[in-house]
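Below: the structure, in structure tokens.
Basis for what follows: all heavy atoms, side chains included, without hydrogens, waters or symmetry-related copies.
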Amino acid sequence: MDLQKIGALFAIEGEYKGCEQIKTGHINQTYCVTYFRDGEDKKYIIQKVNTYVFKRPEEVMQNIDRVTEHIRAKVKEKEETAKRNVLHFLHTPEGKNYAYDEEGGFWRGYRFIDNSITYNLSDDLFVMVEAGKGFGAFQKHLSDFDASVLYESIPDFHNTKKRLERLFEVAEKDEFNRVKDVRVELEYLRSRYDLATSLCTMLENGELPLRVTHNDTKCNNVLLDVDTNKALAVIDLDTVMPGLAAYDFGDAIRFGANNAIEDDPEYSKVFLDLNKYEAYVSGFVTTIKDSLTPKEIETMHLGAYVMTAELVARFMTDYLEGDVYFKPAYPEHNLVRTKNQYWLAFDMEKKLDQMQSIVMKYAK
């Protein structure tokens with residue numbers, strides 16, 4: 001891979017010194033490249049985008065350009081430096097934030113944010129607070145952005161009604177004779193259809209506004225300062241598109257406040273950790289509360305349950321279809337994922353009143 005040629009497409013100035021591949025991501029090919037300019041090293045993140053997953057990558061990059069420029073303007077309004085608070089994507093001499101190589105590969109790049117760190121998972125409540133602040137600031141900056149102008153990078157991504165209807169169709173066919181393994185979980189989703197699709201219904205009825213959402217709000221998508229652990233910038237913007245604020249909140253809770261990892265087969269470990277939940281709420285809701293409607297605040301806690309129920313449906317659908325979407329590490333992997341998220345949803349349902357009370361506490 002001649003990354004020096006890729007750098008030239010974006011007219012990066014300076015002497016090319018080398019690169020290091022970053023292997024934490026699973027979709028795109030990512031490299032950290034170093035150039036020497038003005039007496040010091042300058043680093044950039046260069047990525048080859050997976051165009052099998054993102055079939056319309058130019059639309060993805062248009063979304064990213066619009067969103068990052070809007071955030072940058074908001075940060076500068078407060079007379080703060082935008083250097084470490086928003087990703088700065090490289091542009092070609094023609095003004096595009098992407099480029100094609102000679103073989104048709106799709107590339108992009110952005111400035112590396114120095115002295116930053118991410119955590120895949122953390123038991124440190126301060127990290128949960130700062131992750132909440134990071135995603136809260138992201139949505140607050142975009143609260144006046146017209147989400148309808150963005151492309152849907154993955155259509156119906158959080159259309160829980162369609163997710164459940166698809167599951168029920170697949171279960172009816174039972175092509176691989178696997179329904180017998182998920183009868184309890186399947187019946188649970190059937191019986192909780194109204195609760196699991198409640199946010200979809202409110203959106204359809206105009207009770208909740210369409211927002212710009214990140215749609216992958218794991219805590220490792222917030223850069224933190226390496227010295228202070230304070231939130232800096234939100235990264236991994238491929239799935240930025242229209243959605244509900246509760247979706248981003250809920251997915252962060254589903255992933256970060258589960259007492260176990262999402263594919264832990266020891267289901268007795270699986271429950272909603274209310275301490276982690278409150279830590280995230282304190283960062284997220286305190287940051288964004290003035291930008292939300294009363295109905296959004298009142299129903300924010302439902303996002304955690306809805307996103308978890310949706311993942312039960314998605315993992316179960318994939319298991320019943322023969323593991324075609326979520327790559328399994330072993331034959332029962334998607335079955336384990338299904339049951340893990342089922343137990344989390346089951347525990348969340350019992351705690352919904354507590355979860356709402358915690359949100360309202362920080363929304364005052």
Side-chain angles (χ1 to χ4, degrees), residues 27 49 53-74 86-87 89 97-98 108 134-166 196-218 221-222 233-255 284-285 287-311 313-314:
I27 296 177
V49 176
V53 174
F54 299 105
K55 299 187 185 303
R56 298 191 296 273
E58 292 184 14
E59 292 182 1
V60 170
M61 294 310 298
Q62 285 185 51
N63 282 355
I64 288 174
D65 216 23
R66 289 169 172 167
V67 164
T68 53
E69 288 304 314
H70 191 87
I71 294 174
R72 183 170 293 104
K74 288 289 185 179
V86 60
L87 294 184
F89 280 81
N97 63 344
Y98 60 86
R108 66 177 174 213
F135 283 119
F138 177 82
Q139 286 211 348
K140 183 176 182 178
H141 289 318
L142 294 164
S143 61
D144 62 345
F145 186 99
D146 182 4
S148 67
V149 305
L150 296 179
Y151 296 102
E152 279 193 271
S153 48
I154 306 176
D156 291 319
F157 189 57
H158 285 318
N159 188 327
T160 318
K161 289 185 177 181
K162 287 192 175 181
R163 295 286 190 185
L164 289 175
E165 288 160 6
R166 171 70 178 151
T197 61
S198 57
L199 293 178
C200 270
T201 300
M202 289 180 218
L203 178 61
E204 291 168 357
N205 293 341
E207 298 175 68
L208 296 172
L210 205 61
R211 302 283 190 186
V212 179
T213 48
H214 182 277
N215 295 298
D216 191 12
T217 49
K218 298 180 179 68
N221 280 330
V222 177
V234 169
I235 61 174
D236 199 358
L237 305 177
D238 288 330
T239 53
V240 167
M241 56 185 159
L244 295 179
Y247 292 161
D248 274 2
F249 171 80
D251 206 34
I253 296 301
R254 180 196 70 79
F255 185 82
F284 184 84
V285 174
T287 301
I288 198 178
K289 62 182 180 180
D290 294 336
S291 303
L292 300 175
T293 67
K295 188 69 171 181
E296 285 179 293
I297 293 171
E298 176 191 331
T299 58
M300 185 64 64
H301 67 295
L302 290 175
Y305 178 84
V306 168
M307 288 297 95
T308 306
E310 185 177 293
L311 262 293
R314 291 178 64 193

* To do: Walk me through it: do Ile64 and Val240 pass the test side-chain contact (heavy atoms from CB on, under 4.5 Å)?
  => CA-CA 7 Å; Ile64 288 174; Val240 167; 5.6 Å; no
* Taking the side chain as C-beta and beyond, is there a heavy-atom pair between Asp251 and Asn215 under 4.5 Å? -> no
* Asked: Step by step, would you call Arg211 with Asp144 a salt bridge (charged side-chain N to carboxylate O under 4.0 Å, His left out)?
  -> CA-CA 9 Å; Arg211 302 283 190 186; Asp144 62 345; over 6 Å; no
* Structure fact -> In terms of heavy-atom contacts, Thr217 and Asp248 come closest through OG1-O, 2.7 Å
* **Straight-line distance of Met202 CE to Glu207 CD, nearest 0.5 Å** => 6.0 Å
* Charged N to carboxylate O below 4.0 Å: is that the case for Glu310 and Arg254? -> no
* To do: Could you tell me whether the side chain of Ser153 reaches within less than 4.5 Å of the side chain of Asp238, counting heavy atoms only?
  => no
* Asked: Can you check whether Met61 reaches Phe89 side chain to side chain, under 4.5 Å on heavy atoms?
  -> yes
* Considering non-hydrogen atoms only, spot the tightest contact between Ala196 and Leu164 and give its length. => CB-CD1, 4.1 Å
* State whether Asp156 and Lys161 are salt-bridged, where the test is any N-O pair (Lys NZ or Arg NE/NH1/NH2 against Asp/Glu carboxylate O) under 4.0 Å. => no
* Asked: Yes or no on side-chain contact (heavy atoms from CB on, under 4.5 Å) for Thr160 and Leu199, after CA distance, side-chain angles and deciding distance?
  -> CA-CA 9 Å; Thr160 318; Leu199 293 178; over 6 Å; no
* Asked: To the nearest 0.5 Å, how far apart are CZ in Arg108 and OH in Tyr98?
  -> 13.0 Å
* To do: Supply the atom-to-atom distance Leu142 CG to Phe138 CZ, rounded to the nearest 0.5 angstrom.
  => 5.0 Å
* Should Leu150 and Val67 count as side-chain neighbours, where that means a heavy-atom distance under 4.5 Å? -> yes
* Asked: Which heavy atom of Met300 sits nearest a heavy atom of Ala246, and at what distance?
  -> SD-CA, 3.6 Å
* Identify the two heavy atoms, one from Leu87 and one from Arg72, that lie closest to each other, and give their separation to 0.1 Å. => O-NH2, 2.8 Å
* Asked: What do the steps show when you test Phe249 against Met307 for side-chain contact (heavy atoms from CB on, under 4.5 Å), and what is the final call?
  -> CA-CA 9 Å; Phe249 171 80; Met307 288 297 95; over 6 Å; no
* Asked: Does any non-hydrogen side-chain atom of Glu296 lie less than 4.5 Å from one of Leu208?
  -> yes
* So, do His158 and Thr213 sit near enough that their side-chain heavy atoms are less than 4.5 Å apart? -> no
* Got Tyr305 and Thr308 here, is their nearest side-chain heavy-atom distance under 4.5 Å? -> no
* For the atom pair NE2 (His214) and CG (Asp216), what is the distance rounded to the nearest 0.5 Å? -> 6.0 Å
* Asked: How many angstroms lie between atom SG of Cys200 and atom CG of Asn159, to the nearest 0.5 angstrom?
  -> 4.5 Å
* Asked: Between Glu165 and Lys162, does at least one N-O distance fall below 4.0 Å, as a salt bridge requires?
  -> no
* Are any side-chain N or O atoms of Arg163 and backbone N or O atoms of Leu311, one a donor and one an acceptor, separated by less than 3.5 Å? -> no
* Measure the shortest side-chain to side-chain distance between Phe157 and Glu152 over non-hydrogen atoms and say whether it is less than 4.5 angstrom. => no
* Measure from the side-chain N and O atoms of Asn63 to the backbone N and O of Tyr151, and report whether any donor-acceptor pair falls under 3.5 Å. => yes
* Asked: When you look at Leu210 and Leu203, which way does the side-chain contact (heavy atoms from CB on, under 4.5 Å) test go after all the steps?
  -> CA-CA 8 Å; Leu210 205 61; Leu203 178 61; 4.1 Å; yes
* To do: Report the distance from atom CG of Leu292 to atom OG1 of Thr287, rounding to the nearest 0.5 Å.
  => 10.5 Å
* Structure fact -> With sequence neighbours left out, the residues meeting side chain to side chain donor-acceptor pair (under 3.5 Å) with Ser291 are none
* Asked: Ring centroid separation for Phe284 and Phe135, is it under 6.0 angstrom?
  -> no
